[in-house]
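Let me begin by presenting the structure, written as structure tokens, before commenting on it.
Computed over heavy atoms, backbone and side chain alike; hydrogens, waters and symmetry mates excluded. When a ligand or atom number is given, it counts from 1 through the structure's own listing order. Being a predicted model, the structure only gives us computed values, none of them experimental.
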Amino acid sequence: MSGVSSRPLKVILPDSELPRHWYNALADLPSPLEPVLSPATLQPVTAEELGRIFPPALLEQEMSTERFIPIPDPVREAYLAFRPTPLYRARRLEESLGTPARIYYKYEGVSPSGSHKTNTALPQAYYNREAGIRRLATETGAGQWGSALSMACRQFGLGCTVYMVRVSYEQKPYRRILMHAYGAEVLASPSERTLAGRQTLARNPDSPGSLGIAISEAVEDAASHDDTNYALGSVLNHVLLHQTVIGQEARAQLSLVGEYPDVVIGCFGGGSNFAGLALPFLADKAAGKEVRLVAVEPSACPSLTRGAYAYDYGDTAGLTPIMRMYTLGHGFVPPGIHAGGLRYHGASPLVSRLRHDGLVEAVAHHQSEVFTSAIAFTRAEGILPAPESAHAIHQAVVEARQAAEEGRERVILFNLSGHGHFDLAAYEAYLGGKLQDYVQSDEELAQGLAALPQVAAG
Ligand SMILES: *Cc1c(COP(=O)(O)O)cnc(C)c1O
């Protein structure tokens, strides 16, 4: 026996194993999703309405029920700069927990902008350029999505305007600077650029902004300029589709070392990194494999665990189509937790359906316990995780402790959706004992749900 264990610490796929297709879970749903409704007519939204802000190829993907959708060569080439991403075995974390569980994580923080969001930013920029679009408008909260899209627009020769939630714009300058470095235009939202922004400022000149308001601004910008489209970093079917490169690679990597997960875990904001990792395993589940799929959200923004499964708007102003999803109400403003990417009132309609049908589990954790696990992970594995990803880490720790209590092996796979190098202020707050947990009463949550659009859900 040499001093180096034969159990691999990381599994790397060669470039030739980069997936050639995205996996479309709409092909494997027992029944189709409810139609998306127009905010203007409350009737199913038309291709013409959506065509004002999305290119044809993405609209087609949004509705498609083809199981596998080919990844265009220019997108595969762009992916190859950082994909396939590594799969790591968290052996030092296992040892520190004294667990018989084997913990694996897929690391998406190696993408140029630092998170999984690059996986959808690149194809979205590509398809828009192919459609003759010159500029993309989008929103960003903490800035991960804005950074990813700024980078992708630069690669495919498009302009990029990012409406950044004002509180983040002011308190978290580093991702704003990164977006500027990529050459994007970044506006603090609410801004004077749009009607939605001006109306919000008229009501409250000191508005800190929210993701919902910033979406309203970006959608209005796109709808009012012919050469400009809108891009969304999560929630929609085509975004989840693009992220399935993560789960396809992870499945192949685990199988190289003779493993299959008992549980697959992702943090949950709008649903894209969770779905990206988990959906390729859903197909196995449908074929009879036993695998649990667990989405982890913050207790302070508990759409999947405490929200209603109902029709709601994607934004605050009610400009986006209405979708059936788990929601806390489009007017819900989540407390200022440090995992900014998980502060969204709604959820992907696709994951919502899977949750409603019992194919996906959901749990919620407080940020203080999440950061405790993040630090344990950092000290064991050396990587500083994004606060969002740390929610998945904490659930992996919970599962590993349970395995230890039961004295049973368990294979745990989670998505490390991004690194935390731009989130050091959050770590400073945690290490200084300044993190606060938030719990809304049922009455508080009921307020947000009282203002849902009046549409009967089937
Ligand atoms: C945006 C973000 C999330 C949350 O968004 P999802 O669409 O739910 O994946 C999670 N992790 C990181 C690192 C992010 O940037």
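At a threshold of 4.0 Å, the pair Arg324-Asp312 does not count as salt-bridged, since none of the basic side-chain nitrogens sits closer than that to a carboxylate oxygen. Between Arg67 and Asp28 there is a salt bridge, since at least one side-chain N of the basic residue sits less than 4.0 Å from a carboxylate O of the acidic one.
Short contacts between ligand 1 and Glu388, defined as distances under 4.0 Å to a heavy atom of the residue, involve ligand atoms 10 (C), 11 (N), 12 (C). In summary, the atoms of ligand 1 found under 4.0 Å from a heavy atom of Gly269, numbered by their order in the structure, are 8 (O). Atoms of ligand 1 found under 4.0 Å from any heavy atom of Cys267, numbered from 1 in the order shown, are 10 (C), 11 (N). Residue Asn273 approaches ligand 1 through these ligand atoms, each under 4.0 Å from one of its heavy atoms: 6 (P), 8 (O), 9 (O), 10 (C). Heavy-atom proximity to Gly418, at under 4.0 Å, picks out these atoms of ligand 1: 13 (C).
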Practice item. Begin from the C-alpha positions of Glu297 and Arg343 and carry the test salt bridge (charged side-chain N to carboxylate O under 4.0 Å, His left out) through to its verdict. Key: CA-CA 9 Å; Glu297 59 185 13; Arg343 294 177 70 239; over 6 Å; no
Check your understanding: When you look at Arg193 and Glu217, which way does the salt bridge (charged side-chain N to carboxylate O under 4.0 Å, His left out) test go after all the steps?
Key -> CA-CA 8 Å; Arg193 181 73 62 88; Glu217 291 206 89; over 6 Å; no
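The protein non-hydrogen atom at the shortest distance from atom 7 (O) of ligand 1 is Ser234 OG, 2.5 Å. Gly341 O, 3.4 Å is the protein heavy atom nearest to atom 4 (C) of ligand 1.
Counting heavy atoms under 4.0 Å from ligand 1, residue Val239 does not touch it at all.
Here the straight-line distance linking atom OG of Ser189 with atom CZ of Arg166 works out to 8.0 Å at 0.5 Å rounding. Residue Met179 holds its CE atom at 4.0 Å from CE of Met164, rounded to the nearest 0.5 Å. From Ser368, atom OG reaches atom OH of Tyr438 across 11.0 Å, with rounding to the nearest 0.5 Å. To the nearest 0.5 Å, atom NE2 of residue His21 and atom OH of residue Tyr23 are 14.0 Å apart.
Between the side chain of His419 and the backbone N or O of His421, at least one donor-acceptor pair lies under 3.5 Å.
Distances between N or O atoms of Ser417 and those of ligand 1 include at least one value under 3.5 Å. Between His116 and ligand 1, at least one pair of N/O atoms sits closer than 3.5 Å. Not a single N or O atom of Gly233, backbone or side chain, sits closer than 3.5 Å to an N or O atom of ligand 1. Residue contacts with ligand 1: Gly271 is placed with a nitrogen or oxygen under 3.5 Å of a nitrogen or oxygen of the ligand (distance criterion only). Checking only distances, Leu342 never comes within under 3.5 Å of ligand 1, N or O to N or O.
Closest heavy-atom approach to atom 1 (C) of ligand 1 within the set Lys117, Glu108, Glu297, Arg343: this belongs to Lys117.
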